[in-house]
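Chain A is the first sequence line, chain B the second, and so forth, proteins listed ahead of strands; every chain is numbered from 1. The shown structure was predicted, so the numbers you read here are calculated from the model rather than taken from an experiment.
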Number of protein chains: 2
Amino acid sequence: MDLQAKNLSAELSKRNIRPSYQRIKVLEYLIKNQFHPTADQIFTGLQGEIPTLSKSTIYNTLNTFIQSGLVRVLNIEDNETRYDIITESHGHFKCETCGAIFNFKINIDSFATEELKGFKVIDKNVYFKGVCPKCLLNINQGKNNRKENVL
Amino acid sequence: MDLQAKNLSAELSKRNIRPSYQRIKVLEYLIKNQFHPTADQIFTGLQGEIPTLSKSTIYNTLNTFIQSGLVRVLNIEDNETRYDIITESHGHFKCETCGAIFNFKINIDSFATEELKGFKVIDKNVYFKGVCPKCLLNINQGKNNRKENVL
DNA sequence: GTAAATATAATAATCATTACAAGTTTAAAC
DNA sequence: GTTTAAACTTGTAATGATTATTATATTTAC
């Protein structure tokens with residue numbers, strides 16, 4: 001077990017999550033693959049390393065991580081739940097053509113929350129949808145990208 | 001058929017949606033019940049008036065409305081897709097205790113979109129979560145609200 | 001009024017997620 | 001170091017929302 005794994009292990013212990021092999025691997029995957037993967041993508045990505053891995057474990061682990069605040073859930077689309085290891089405040093942009101999800105900085109405090117006086121705000125999410133520069137370029141050039149080109 | 005129904009019918013025709021009885025009723029329901037209902041809630045709410053109503057029709061109708069821009073989809077939670085008839089820009093606050101969803105005004109243009117230069121933004125969503133004033137009051141008084149009180 | 005197109009309805013199929021039960025691993029106690 | 005209990009993982013079954021499919025009904029166009 002290398003140094004990084006130790007750090008991951010410590011990170012879990014710090015949050016009172018017992019650092020099992022599977023949990024460390026899921027955490028490692030989330031750190032290495034910050035494209036907001038689905039549970040299925042995580043499962044598929046780790047199956048090679050952990051042949052006995054079960055999908056239940058992925059869901060169990062993710063839910064454990066969510067409860068401890070280690071990961072956040074993204075519900076941009078209604079048919080795909082995505083998971084985000086970065087917990088500091090940022091917005092998400094989903095390209096409707098290629099499906100990629102980009103992070104972007106936002107100033108959460110700039111929101112006019114006049115109307116929400118008396119509300120206890122725990123969680124803020126900002127989701128944008130549209131077309132990313134790469135896909136815009138391809139469309140202008142008459143090329144077709146992945147997916148059904150819903151535009 | 002009353003005047004309002006005629007207006008609804010006209011509203012649909014204007015968008016090239018054939019104004020069938022079911023579609024008018026779904027639209028009417030969405031206008032009368034602006035609590036961001038689920039497909040199931042719409043179905044249950046209309047079953048009395050339309051005994052032969054099918055859930056497929058609800059989903060078909062909602063998807064038709066979404067395509068024409070008549071309603072918007074809310075994906076705040078991963079297990080419940082909600083539908084919103086108000087298409088002008090506003091944010092959503094979901095109370096994690098009682099489950100209610102509140103609208104609030106936001107100034108979309110106030111977002112710092114520096115980082116999104118070159119992106120074509122089509123759709124902007126702002127979701128907040130927390131506790132509404134009513135539930136906060138009840139919690140302070142030691143009362144229990146609906147749901148599992150996740151706090 | 002008839003043929004073609006569209007909408008509805010009922011059922012089956014799909015797919016992500018959760019629930020459950022059994023086996024395995026880890027940690028603690030002695 | 002063995003034993004015991006707790007926690008974790010796994011595989012399968014169950015659930016539930018949404019979509020696909022197909023037959024029937026309705027509307028539109030000629």
Short side-chain donor-acceptor distance under 3.5 Å, B:Asp84 and B:His90: yes

Any side-chain donor near an acceptor of the partner, B:Asn140 and B:Asn138, under 3.5 Å: no

Separation of atom [atom1] in [X] from atom [atom2] in [N], rounded to whole Å:
{"X": "B:Tyr83", "N": "D:dT18", "atom1": "OH", "atom2": "C1'", "value": "8 Å"}
{"X": "B:Asn60", "N": "D:dT22", "atom1": "CG", "atom2": "P", "value": "15 Å"}
{"X": "B:Phe43", "N": "D:dG16", "atom1": "CZ", "atom2": "C1'", "value": "15 Å"}
{"X": "A:Leu53", "N": "D:dG11", "atom1": "CG", "atom2": "P", "value": "9 Å"}
{"X": "A:Lys55", "N": "D:dA13", "atom1": "NZ", "atom2": "C1'", "value": "15 Å"}
{"X": "A:Gln47", "N": "D:dT9", "atom1": "CD", "atom2": "C1'", "value": "15 Å"}
{"X": "B:Asn75", "N": "D:dA17", "atom1": "CG", "atom2": "P", "value": "15 Å"}
{"X": "B:Leu62", "N": "D:dT18", "atom1": "CG", "atom2": "C1'", "value": "11 Å"}

Centroid-centroid distance, B:Phe104 to B:Phe128, less than 6.0 Å: yes

Test of ring centre spacing under 6.0 Å for A:Phe65 and A:Tyr83: no

B:Arg82 vs B:Glu80, salt bridge (Lys or Arg N to Asp or Glu O under 4.0 Å): CA-CA, chis, key distance, verdict: CA-CA 6 Å; B:Arg82 293 176 168 275; B:Glu80 52 177 32; 3.2 Å; yes

When you check the phosphate oxygens OP1 and OP2 of [N], does a side-chain N or O of [X] lie under 4.0 Å from one of them?
{"X": "A:Arg18", "N": "D:dA6", "result": "no"}
{"X": "A:Gln22", "N": "D:dT10", "result": "yes"}
{"X": "B:Tyr59", "N": "D:dT19", "result": "no"}
{"X": "A:Thr57", "N": "D:dT10", "result": "yes"}

Ring geometry between B:Phe119 and A:Phe102 (parallel below 30°, tilted from 30 to 60°, perpendicular above 60°): perpendicular

Touch class at under 4.0 angstrom, heavy-atom based, for B:Thr38 against every strand present: nothing

Sugar-phosphate only, base, or nothing, as touched by A:Asp78 at under 4.0 Å among non-hydrogen atoms: nothing

Minimum heavy-atom distance A:Lys124-A:Arg72, with the two atoms named: O-NH2, 3.2 Å

Contact nearer the 5' end of DNA chain C, comparing A:Pro19 with B:Pro51: B:Pro51

Out of D:dG11, D:dT9, D:dT18, whichever nucleotide has its closest atom nearest the side chain of A:Ser20: D:dT9

Segment of DNA chain C, first to last nucleotide, that comes within the 4.0 Å heavy-atom reach of chain B: C:dT6 to C:dT11

First of B:Asn79 and A:Ser56 reached from the 5' end of DNA chain D, by closest nucleotide: A:Ser56

